[in-house]
Amino acid sequence: RSDTGNIAKFQSGGREANILLQNDAITWKMVVYDYGNDGTDNFAFHDGTADRLVITDTGRVGIGTTTPNSYEDEAADLVIGDNSGSCGLTIASSNTTGNIYFSNSTVSNGKYRGFISYSHANERMGFATDAGNTRFSCDSDGIKFGTDTAAANGLDDYEEGQWTAA
């Protein structure tokens, strides 16, 4: 087998191979291992206590979990946490907009078929479908539909009565 292009090669004869990074306070290791001893290899960053980030042999990423393949197939490409306590994800976006996009293509509006967007300037969270058409948003005035931003139209509490479609 050719090693053309390799700058360094680290090979282990066993089911685990490590590269240690150490200072006077902590040892981190990058490790390739067979976690379940079932012939599947993972790549992980371990802080001396636990694996903090794992990339499975199927390309799934676990942050705070060693088993992202154990979760629902349709939503396991990135798993954060391990059901042992509070967990979170922060999208830091300065004074602009933070977004989560749902895509079915890399072309045209397929890049943003649906999304959740938060505008810091307007303090508004919007939910869009059908290539970016805002269906509803929520701000300090309440819930608004479509692109409506008028404060008087915000649904801010429950009111009894009948609704009639326009």
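Position 1 is the first residue of the sequence, and the numbers go up from there.
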Can you find a heavy atom in the side chain of V31 that is under 4.5 Å from one in the side chain of E16?
yes
Where do Y101 and I116 land on the side chain to side chain contact (heavy atoms under 4.5 Å, CB included) test, with the steps shown first?
CA-CA 7 Å; Y101 279 37; I116 301 168; over 6 Å; no
If hydrophobic clusters are built by linking Ile, Leu, Val, Met, Phe, Trp and Tyr wherever their side-chain heavy atoms come under 4.5 Å apart, do L78 and L53 end up in the same one?
yes
Quick one: are V79 and I63 in side-chain contact, heavy atoms under 4.5 Å?
no
Would you call F43 and M30 a side-chain contact if the rule is heavy atoms closer than 4.5 Å?
yes
Would you say H120 and S93 are linked by a side-chain donor-acceptor pair, where the criterion is simply a distance under 3.5 Å?
yes
In plain terms, say whether D130 and R135 are close enough for a salt bridge, that is, a side-chain N and a carboxylate O under 4.0 Å apart.
yes
Contact check, side chains of V54 and Y33, non-hydrogen atoms, under 4.5 Å
yes
Sidechain N-carboxylate O distance under 4.0 Å for D51, K29
no
Taking the side chain from N18 and the backbone from L20, do they hold a donor-acceptor pair closer than 3.5 Å?
no
Any non-hydrogen side-chain atom of K144 less than 4.5 Å from a side-chain atom of D139?
yes
If we count only N and O atoms by modelled type, under 3.5 Å, do the side chains of T58 and T56 hold a donor and an acceptor together?
yes
Quick one: are F102 and R113 in side-chain contact, heavy atoms under 4.5 Å?
no
Any idea how F136 and F127 line up, ring-wise: parallel (<30°), tilted (30 to 60°), or perpendicular (>60°)?
parallel
Is the backbone N or O of A150 less than 3.5 Å from a side-chain atom of D148, with the two atoms forming a donor-acceptor pair by type?
yes
Can you tell me if T65 uses its side chain to pair, donor with acceptor, with the backbone of T67 under 3.5 Å?
yes
To the nearest 0.5 Å, tell me how far T66 OG1 sits from N42 CG.
8.0 Å
At their closest point, which heavy atom of A151 faces which heavy atom of D141, and how far apart are they?
CB-OD2, 3.2 Å
Is there a continuous path of hydrophobic side-chain contacts, each under 4.5 Å between heavy atoms, that joins F45 to I26?
yes
Rounded to the nearest 0.5 Å, how far apart are OH of Y112 and OG of S117?
13.0 Å
Are any non-hydrogen side-chain atoms of T149 and R124 less than 4.5 angstrom apart?
yes
Exam field: side chain N23 to backbone A25, donor-acceptor pair closer than 3.5 Å
yes
Side-chain donor or acceptor of S103 paired with backbone N/O of S105 under 3.5 Å
yes
Rounded to the nearest 0.5 Å, how far apart are CD1 of I19 and OG of S12?
11.5 Å
Going hydrophobic residue to hydrophobic residue with side-chain gaps under 4.5 angstrom, can you get from F115 over to L89?
no
Donor-acceptor contact below 3.5 Å, side chain R60 vs main chain D73:
yes
